[in-house]
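A short write-up of the structure that comes next.
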Amino acid sequence: MFVFRRQTAMADQQRPGEAAGPGVIEGDDLALEAPDRGSADELLDAGAHAPLDLMRHSAAHVMAEAVLALFPGARLGIGPAVADGFYYDFELPRPLTPDDLAAVEERMRTSIAADHPFIRRELPFDEARTLVAADDQSFKVEILDDLAAKAAAAGEPLPVTTFYEHGAFRDLCRGPHVESTGRIGPFRLLAVAGAYWRGQESRPMLQRVYGTVWESQEDLDRFLWRREEAKKRDHRRLGVQLDLFSFHDVSPGSAFWHPKGQRLWRTLETAMRELQERHGYEEISTPILVNHRLWEQSGHWDHYRDNMFVLDIEDQAYSLKPMNCPESTFIYRSKTRSYRDLPLRLSEFGRLHRNERSGVLHGLTRVRHFVQDDAHVYVRPDQLADEIGRLIAMVRESYGWFGLQPRYTFATKPDGAIGDDALWERAETMIRSALDDAGVTYTVKPKDGTFYAPKIDIYIDDALGREWQMATIQADLTMLPERFDLTYIDEHGAPQRPIALHRAIYGSLERFIGILIEHFGGALPLWVAPVQVALIPIADRHADPADELAALLRGRGLRVDVDRTDSRMQNKIRLAQEQKVPVMVILGDREVEARTASVRRRDGSQEQGVAWDDLAARLAEEAAARAV
RNA sequence: GCCCACAUAGCUCAGCCGGCAGAGCACUUCCUUGGUAAGGAAGAGGUCAUGGGUUCGAAUCCCAUUGUGGGCUCCA
C-alpha cells in the first residue's frame with residue numbers, strides 16, 4: 001500500500017534532525033519545507049537569506065498598514081516572510097480586486113518613501129491583550145491567548161510581548177525588522193488568494209495577499225522573469241502545444257493521452273519493464289474494481305475511504321482500487337511459498353483512482369486517475385538489506401536516464417502506527433544499514449513513515465530548482481504480512497512471515513511525465529522524445545525518398561514523422577523546432593542523389609552529407625543509450 | 001470541499017457601459033517546389049461551457065451548475 005505524501009503539507013520543519021550514522025545530513029529543514037508539487041510559478045528561491053527575510057517581513061507590515069488605511073475595519077491575521085516574498089492574511093468586508101492591489105501598492109510606496117523607522121516596544125502581557133482587544137483584532141487576541149496557554153502549560157510566567165511600530169501602524173510582532181521602511185527594496189504585489197485562518201477548514205476564510213520583495217530591481221526583474229519562464233514550461237501548456245494529452249470535463253482529473261503522449265508513455269514503461277526484468281521482476285495485473293471486503297481487511301475502508309470511489313453493485317459496495325498492494329497478496333498466496341522462492345518480485349503498472357477533492361486537482365501532477373509503476377517484493381528478513389540496495393541501484397540507473405540526481409530521506413515510525421515496536425525497530429535498523437551499505441547520503445525525517453511501514457522517499461530537484469517527491473520504498477513488516485497472513489516455509493519446514501517491500505520508481509507515470517516536461521521545458525531527450533526524427537523533404541519530388549529513409553529509420557526502432565505538406569522547408573523546420581523534435585533530417589536533390597541526409601539538431605547545429613545507413617546506426621545507438 | 005478569478009473557432013486571444021460573432025496561427029483548396037525558424041491567394045470553421053432569469057433584444061447583466069486557474073504549510 002502506498003500512501004503518497006499529501007503534497008499540500010510538509011509541515012514538519014520544526015522537528016529536530018535525528019542523530020544518525022555516517023553520511024547523514026542532520027535535519028535539513030530548508031530543503032524539506034519546500035513544497036514538493038510545484039506548479040509552474042512555485043519557483044523556489046535557493047534558500048531564504050536572513051536580510052531578505054527581514055525586508056520581506058517588514059514589507060508585510062507596510063502592506064498591512066496600507067490595507068488598514070484602505071479598509072479601516074480590517075482584521076489582521078499573520079504576515080510572515082516566505083520563500084520568494086511575503087504575505088499577509090486579512091479579514092475584509094469584501095473581496096479584493098486587482099484595482100485594490102494597485103491602490104495598496106501605491107500606499108505602500110508612499111510609506112516606503114516616507115522612510116518611517118521601525119520602533120520596537122515591549123508591553124506586559126495583560127496590557128498587550130487589552131490593546132489588541134480594544135483594536136478589535138480578534139486573531140491577534142487568539143495568538144496572545146495561545147501564547148499564554150503555552151506558557152501556562154510549560155509552567156512559565158506570562159511572556160512579555162513586543163510590538164513594532166512604523167508611522168501610524170502598530171502590530172503585535174516578534175520581529176525583527178529592517179531599520180526603517182525606506183530599507184525595503186523593490187517589491188510587487190502578486191496575487192490574492194483565500195486562506196483559512198491557521199490552515200484549518202473549520203476556521204474563517206481570510207484573504208491572503210502575496211507579494212515579493214528583493215534587494216535590487218535587478219533581482220526583482222530576474223524573479224519576475226523566472227516566473228514567466230516557469231509558465232512557459234508549465235506541462236499543462238506544453239502538453240497542448242506538443243499534442244501529448246488533454247483534459248476534458250467529462251472526467252476531471254484524468255488525462256486523455258494523444259498518440260504522441262502515448263508514445264512517450266510507452267517508452268517510459270518499456271524502459272522500466274526492461275529494467276525490472278533485468279532485476280528479476282515478474283509482471284502481474286489485478287482488477288480495478290474490487291469488493292469493499294478487501295479494503296476492510298487491508299484497513300483502507302477505515303483509513304482511506306474518503307479518497308475512494310465507491311460503487312453499489314447488486315447491493316454490494318465495490319471500490320475502484322486506490323492502491324495495488326492488497327491484491328498482490330492474492331497472487332502471493334495462490335500457492336505455498338518456499339524460502340527458495342524469495343525474493344518474489346511482483347510488479348504491476350496499476351491503474352488507480354483516488355477521489356481527490358476537486359480544488360486540489362492540478363494538471364498531471366495531481367490527478368484522480370493514474371498509473372503507478374508499482375511493485376511488491378516479498379523477502380525474507382535476511383534479504384531485506386540486499387533488496388533495498390538493489391532498489392537504490394534501480395533508482396540510480398533509471399534517474400540517470402534523465403540526468404536526475406536522486407536525494408534520499410528516511411522516514412521513521414509515526415505516532416499511531418500499527419504493529420509492535422520491536423518489529424518497527426527491526427525494520428528501521430535494517431533500512432538504515434541498507435542505506436549505509438549503499439553509500440547514499442540521506443536525511444532522517446523522524447515520525448514521517450506511513451502508519452504501517454518506515455520508508456525511504458526519493459526526491460529530485462528539477463532544472464528550475466524545484467523539489468519533487470518521486471520514488472518511495474517502504475518496508476512493511478505488518479500490514480500485508482500480518483493482515484493478509486502471508487507465509488513462506490523455511491528450511492526447517494516451519495511457516496515464517498515475509499517482509500513486503502512496497503516500491504514505485506517513477507511514482508505515477510502521469511506525474512513523472514509532467515515533471516519531465518517541466519524539467520526539460522518540453523525538449524525531451526532523444527530517447528524519450530515522442531517524435532525523434534522529423535523528415536523534411538524540400539520539394540514534393542523528395543517526399544518518396546523521405547518515406548524510404550523513414551522506413552529505414554523505423555526499422556532501427558526510431559520514431560519518425562515525415563512532413564509531406566507543401567509548405568516551404570523553412571516552415572517545416574520551424575514547425576519541427578516548435579514541436580521540439582530533437583533531430584530534423586532534410587532531403588533535397590543533393591541528398592537524394594547521394595543517398596545522404598542533411599541533419600539539423602534541435603540546438604541548431606548542422607551536419608551535411610551523412611549517409612543514410614550511418615544516420616540510422618548513429619541515431620539508434622544514441623537512443624539505445626538512454627541518456628540526456 | 002472552501003475563497004477569489006476565469007470559460008468566445010482546433011490553439012492564443014479581442015469583443016463584454018445590452019443592438020449583425022472577430023483577429024492571428026492551425027485546417028481545406030489553388031498557386032508556389034524551395035537549402036536550415038513563417039511564400040502567396042481564396043475558403044471553411046462558433047448552441048460565445050451548460051441551464052435558468054432580467055430585457056423588445058443577452059457573448060455582454062443576474063442566479064445556479066460544470067470545468068479550469070491562483071491559493072487554502074510557513075504561527076506575533
Side-chain angles (χ1 to χ4, degrees), chain A residues 6-14 29 33-35 39-42 48 57 61 76-83 86-87 89 94-98 128 132 137 139-144 146-147 150 159 161-164 171-175 190-210 234 236-237 240-241 243 246-253 306 356-363 536-543 565-578 584-591 598-601 604-606 608:
Chain A
R6 296 191 66 83
Q7 284 129 19
T8 46
M10 296 192 65
D12 42 12
Q13 63 273 25
Q14 297 297 343
D29 293 335
E33 74 186 317
S39 66
D41 50 0
E42 257 180 341
H57 180 50
H61 273 231
L76 305 180
I78 58 169
V82 292
F86 60 92
Y87 68 78
D89 288 341
R94 64 168 177 84
L96 289 172
T97 65
V132 294
Q137 290 296 348
F139 299 113
K140 300 290 184 186
V141 172
E142 185 177 327
I143 288 166
L144 284 174
D146 282 1
L147 286 178
K150 209 181 284 177
T161 64
T162 57
F163 285 78
Y164 277 81
D171 195 6
L172 174 69
C173 177
R174 184 167 50 191
L190 298 173
V192 54
Y196 296 107
W197 171 236
R198 302 197 149 171
Q200 291 168 20
E201 295 186 16
S202 54
R203 310 302 307 272
M205 175 71 70
L206 306 181
Q207 295 188 63
R208 175 168 298 178
V209 180
Y210 283 95
D234 190 319
R236 294 166 298 182
R237 172 185 290 260
V240 172
Q241 189 189 320
D243 195 17
S246 53
F247 285 90
H248 302 277
D249 60 12
V250 290
S251 188
D306 285 351
E356 302 286 353
R357 294 182 303 170
S358 58
V360 304
L361 299 176
H362 182 94
I536 299 177
I538 290 180
D540 285 350
R541 63 179 176 281
H542 311 122
T565 62
D566 76 338
S567 35
R568 303 186 65 212
M569 178 205 63
Q570 282 88 338
N571 196 30
K572 293 175 183 177
I573 289 172
R574 181 182 145 86
L575 236 118
Q577 286 285 157
E578 277 177 349
M584 284 150 266
V585 173
I586 294 148
L587 292 185
D589 289 334
R590 296 201 291 268
E591 287 79 12
S598 168
V599 179
R600 180 195 158 101
R601 298 268 172 166
S605 65
Q606 290 178 38
Q608 312 279 349

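Just so it is clear: chains get the letters A, B, ... in the order the sequence lines come, proteins before strands, and each one is counted from 1.
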Problem set entry | A/Met205 side chain, from C-beta outward: closest of B/A37, B/C72, B/C2 | B/C2
Problem set entry | Candidates B/C75, B/U33, B/G35 - which lies nearest the side chain of A/Arg174 | B/C75
Seminar exercise, completed: Taking B/G39, B/A76, B/C75 as options, the one with an atom nearest any side-chain atom of A/Ile143 is B/A76
Exercise. Just checking A/Gln608: base, sugar-phosphate only, or nothing, at a heavy-atom cut-off of under 4.0 Å?
Worked result: base
Exercise. Is there a donor on the side chain of A/Asp249 or the base of B/U66 sitting less than 3.5 Å from an acceptor on the other?
Worked result: no
Problem set entry | RNA chain B: 5'-proximal contact among A/Val250 and A/Lys572 (nearest heavy atom) | A/Lys572
Problem set entry | Any A/Arg203 side-chain N or O less than 4.0 Å from OP1/OP2 of B/C2 | no
Exercise. With a non-hydrogen cut-off below 4.0 angstrom, is A/Ala195 in contact with a base, only sugar-phosphate, or nothing?
Worked result: sugar-phosphate
For this session: Rounded off to whole Å, could you give me the CE-to-P distance for the A/Met584 and B/G35 pair?
Result: 18 Å
Exercise. Between the base of B/G35 and the side chain of A/Glu591, is there any donor-acceptor pair under 3.5 Å?
Worked result: yes
Exercise. With both distances under 3.5 Å as the test, what is the Watson-Crick or G-U wobble partner of B/A38?
Worked result: none
Exercise. Which of these nucleotides, B/A37, B/C74, B/G35, is closest to any side-chain atom of A/Arg600?
Worked result: B/A37
For this session: Would you mind classifying the nucleic acid contact of A/Gln577 as base, sugar-phosphate or nothing, using non-hydrogen atoms under 4.0 angstrom?
Result: base
For this session: Select base, sugar-phosphate, or nothing to describe what A/Arg590 touches, counting heavy atoms under 4.0 Å on all strands.
Result: base
Problem set entry | Side chain of A/Tyr196 (C-beta onward), nearest among B/G69, B/C2, B/C31 | B/C2
Problem set entry | Residue A/Lys140, side-chain heavy atoms: nucleotide from B/G71, B/A76, B/A37 that is nearest | B/A76
Exercise. Can you find a side chain N or O atom of A/Tyr210 that sits less than 4.0 Å from OP1 or OP2 on B/G71?
Worked result: no
For this session: Report the nucleotide, chosen from B/G70, B/G1, B/A38, that has the shortest atom-to-atom distance to any side-chain atom of A/Ser358.
Result: B/G1
For this session: Identify which nucleotide among B/G35, B/A76, B/U33 has an atom closest to any side-chain atom of A/Asp589, counting heavy atoms from C-beta outward.
Result: B/G35
Exercise. What about A/Asp566, does its side chain sit under 3.5 Å from the base of B/C31 through a donor-acceptor pair?
Worked result: yes
For this session: Kindly say if A/Arg568 contacts the phosphate of B/G39, meaning a side-chain N or O under 4.0 Å from OP1 or OP2.
Result: yes
Seminar exercise, completed: Closest of B/G1, B/G70, B/C31 to the A/Arg357 side chain is B/G1
For this session: Mind checking ring-ring contact (aromatic ring centres under 6.0 Å, His included) for A/Tyr164 and listing every partner two or more places apart, or none if nothing turns up?
Result: A/His177
For this session: With the side chain of A/Ile538 defined as its heavy atoms from C-beta on, choose the nearest nucleotide among B/G35, B/G39, B/C72.
Result: B/G35
Exercise. What nucleic acid atoms does A/Leu96 come within less than 4.0 Å of, heavy atoms only: base, sugar-phosphate, or nothing?
Worked result: nothing
Problem set entry | Short side-chain N/O contact to B/G35 OP1/OP2 from A/His542, under 4.0 Å | no
